[in-house]
Structures are given as structure tokens and as C-alpha cells.
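Reckoned from all heavy atoms, side chains included, excluding hydrogens, waters and symmetry mates. Chain letters run A, B, ... following the sequence lines, proteins first, then strands; residues in each count from 1.
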2 protein chains.
Amino acid sequence: MAKSPSKPITEHLAYLLAQANREINRQLDARFRKEGVPVEQWRILKVLSDGKGHSMGELAEAVLLNHPTLTKMVDRMVSDALVYRVQDAEDRRKVLMFSSDRGKALTQRLNSLALSQEAFIAENYGNKATADLKRLLESLIEKAN
Amino acid sequence: MAKSPSKPITEHLAYLLAQANREINRQLDARFRKEGVPVEQWRILKVLSDGKGHSMGELAEAVLLNHPTLTKMVDRMVSDALVYRVQDAEDRRKVLMFSSDRGKALTQRLNSLALSQEAFIAENYGNKATADLKRLLESLIEKAN
DNA sequence: TGGAAAATATTGAATATTCAACGATTCCCG
DNA sequence: CGGGAATCGTTGAATATTCAATATTTTCCA
């Protein structure tokens, strides 16, 4: 008996997610290009924009980076004077991260670039589709954990 | 006037996609662990499983890798005797990639691991939600290009 | 209380990815 | 036809990420 052809890669959820993620990220990166900031740094800055200190562990989780990668990215951001570290007085194993004024100013510029991308997507793709997609993704993430 | 708080990172489509992609990929990687193969190699093998030769450019596009990264990954796979290169006789700039027998056998094992993951997701997340999500992702990708 | 175990962040070495430049081949048009 | 431009894949250097090991501090319980 001949072997039945397997489902093409393009029909796998994992592949569709990778493809969509890559494309959207690429577009966002293109918008961020003029600020010379990778998407991950925007995420970090955005999380820190509440002004509260966030530990490296918290941050790593929130910005989808593992610990060593985050440490090194934060090193670069400290060099660029975007963020700074403060040892946590409550638990001295922890380091609390804060955004500098320069970081906050950059965050605002990046936020508006990101919002303009979202607006562009909603326009081309439809408000309902966008909302549906977000809802389904949230629910998938929730189930997956 | 106080600055209005910006939309949290978790409400951005780009972030939701990154998060979902990361989680699903992580799960798939965990299943592939026993074969010691990264997800990208499964994609390559899967594309090559039609038995036709695929050029590096075609492959790079299909498996979401840029050219130099693919070249080096293919180098490793050639070392592992999973795939092999043949110069295209029609256009000698091109290299056609093929899966070896060993590669094909591995592909089948990986396919069944991937299918079992898909089944698991459909079960926990719902068949309708899964189908809807796939459809929305396909449509987003189409619009984004 | 004392000390083993756990949690937190960083480091250094190994590995992988990316960017820019290159070599080879084919295309195209004057 | 001839030769500049485009296409295709690879390479090497620079950069980034990951894994395992480490140092520090806190927690827990015997």
C-alpha cells in the first residue's frame, strides 16, 4: 500500500503561528528601525513604564526571554542609559529594574509606532477579525499553561 | 494633565502572537526532544518529503529561515545524513535539496509526534476554536503579504 | 539555631544567527 | 554577441543566544 501523503506543513497550527508571528514582528521591527531598537527592548521598556521596579525574573517572564538573554540585553540597555538596576532591599537576591527618563521618552515614541501598526492591521484585516484573533490567542495561551 | 497609561503589552497582537508561538513551539520541541531535532529541521524534512528537489531559496522561504541560517542548518543535517545536496542541472546556480532514506524515516516519526500535539491541542482547546484560529491566522498572513 | 535546599541573577564557554561581502551562474538588452 | 546587472548560494566576522556552572541571599525544617 502506498504511503498516504501527510498533512502539509502549512496546515499545522505551530507553523501558522510561526509564520504570522514572523511577519508581524518583521513589520514592527521595520517601524522601530529608525529608533534602532529591537522589539524585545520595546517590551522591556513597556513593562517598566508603570514606574514600579520589576525583578529580572518577572521581566524575563513578561517579555518572553530567558534569564541569561535578558541579563545581556539589559546590560546593553543600561549602557544606552535606557534602564537602570537597583538591588531590592526586601530581598537582596533580587535586582529591580527601572526605566530612566530617556527610556520613558523612547517608550512613548515606540508606543506610537506600535499603535500605528495596530491601526494599520485593523484597517487591512478588519476590526472584527483582529478582535476575534486576539481573543482566540488569549484563550489558547491560557489553555496552554 | 496626567499622562494616560498606554495599552498593556499583553493586549498587543504582536505580543499575543509571540506568546502563543513560543508556547506551542516549546511544547512541540519537548515532544521532539527524544529525537534530538529542532522544530526547524522538522519543517525542512517535511517540505522535502514530497521527494522533489527544492532549492535553498524555496526552502528558506518555506521554513521561515533566512539564507545563511538555512545553509548552516542544512550543513548539520547533511552531516547527520538526513538530507543531501544536488546541483541543479537546469540552473547551475541552484542547489536542490533532497531527503535521504534516514531523513524520511525520521520525518515520519516527527510527523506522528506533531500530529499527537495537534490532537492534544484540539482536545483541550476545542475543535472549533482551533479551526477558527487557523483560519484567522491564514487570512492574516495573506493580508500581511 | 544551623545548615541543607531553593531562589535569584550573572558569567563564561559553546553554539547559533545575522550582516555584509563574495564567487559563480544566468539573464537581459544594446 | 558581449558585458553589465541580477540571482543564487555560501562564507567569515560580528553579534546574540543558550546551556551549565557559579555566587549570593533567603527559606525551611530538623
- [ ] Round to the nearest Å and state the distance from B:Leu96 atom CG to D:dT10 atom C1'.
- [x] 16 Å
TODO: Let me know the distance between NE2 of B:His54 and P of D:dG9, rounded to the nearest Å.
DONE: 13 Å
Task: Flag side-chain contact, heavy atom, 4.5 Å: A:Val95 against A:Met97 - done: yes
Nucleotide N/O to protein N/O under 3.5 Å, stretch nucleotides 17-21 of chain D:
residue	atom	partner	partner atom	Å
D:dT17	OP2	A:Arg76	NH2	3.2
D:dT18	OP2	A:Asn66	OD1	3.2
D:dT18	OP2	A:Asn66	ND2	3.2
D:dT18	OP2	A:Thr69	OG1	2.9
D:dT18	O4	A:Lys72	NZ	2.5

Open item on the list: Rounded to whole Å, how long is the line connecting atom CG of B:Asp75 with atom P of D:dG12?
Closed with: 11 Å
Task: Proximal nucleotide (of D:dG9, C:dT26, D:dT25) relative to the A:Arg92 side chain - done: D:dT25
TODO: Taking salt bridge (charged side-chain N to carboxylate O under 4.0 Å, His left out) as the test, write out the residues that go with B:Asp29, two or more places apart.
DONE: none
TODO: Could I get the full list of side chain to side chain donor-acceptor pair (under 3.5 Å) partners for B:Thr69, not counting sequence neighbours?
DONE: B:Asn66
Open item on the list: Distance check needed: D:dG9 P versus B:Ile44 CD1, whole Å only.
Closed with: 14 Å
Task: Proximity to DNA chain D (any heavy atom under 4.0 Å), residues of residues 55-62 of chain B only - done: B:Ser55, B:Met56, B:Gly57
In a table with atom names and distances, give each donor-acceptor pair under 3.5 Å that connects a side chain of residues 32-39 of chain B to protein atoms at least two apart or in another chain.
residue	atom	partner	partner atom	Å
B:Glu35	OE1	B:Arg109	NE	3.4
B:Glu35	OE1	B:Arg109	NH2	3.3
B:Glu35	OE2	B:Arg109	NE	2.9

Task: Set of residues satisfying side-chain contact (heavy atoms from CB on, under 4.5 Å) with respect to A:Glu11, sequence neighbours excluded - done: A:Lys7, A:Pro8
Open item on the list: Listing request: all salt bridge (Lys or Arg N to Asp or Glu O under 4.0 Å) pairs with a residue in residues 72-88 of chain A, at least two apart in sequence or in separate chains.
Closed with: A:Asp75-A:Arg85
Task: side chain to side chain contact (heavy atoms under 4.5 Å, CB included) between B:His12 and A:Trp42, intermediate numbers included - done: CA-CA 12 Å; B:His12 283 271; A:Trp42 171 57; 3.8 Å; yes
Task: Base D:dT7 paired with B:Arg93 side chain (donor-acceptor, <3.5 Å) - done: yes
TODO: Would you tell me if any nitrogen or oxygen in the side chain of B:Arg85 comes within less than 4.0 Å of OP1 or OP2 on D:dG9?
DONE: no
TODO: Please state how far atom NE2 in A:His67 lies from atom P in C:dT8, giving the value in whole angstrom units.
DONE: 8 Å
Task: Counterpart residues, salt bridge (charged side-chain N to carboxylate O under 4.0 Å, His left out), relative to B:Lys134 (two or more places apart) - done: B:Glu118
Could you list the donor-acceptor pairs under 3.5 angstrom formed between side-chain atoms of residues 52-63 of chain B and any protein atom two or more places apart in sequence or on another chain?
residue	atom	partner	partner atom	Å
B:His54	ND1	B:Glu58	OE1	2.6
B:His54	NE2	B:Val47	O	3.4
B:His54	NE2	B:Asp50	OD1	3.0
B:His54	NE2	B:Asp50	OD2	2.8
B:Ser55	OG	B:Glu58	N	3.2

- [ ] Calculate the interatomic distance between B:Met97 atom CE and D:dC8 atom P; express it in whole Å.
- [x] 17 Å
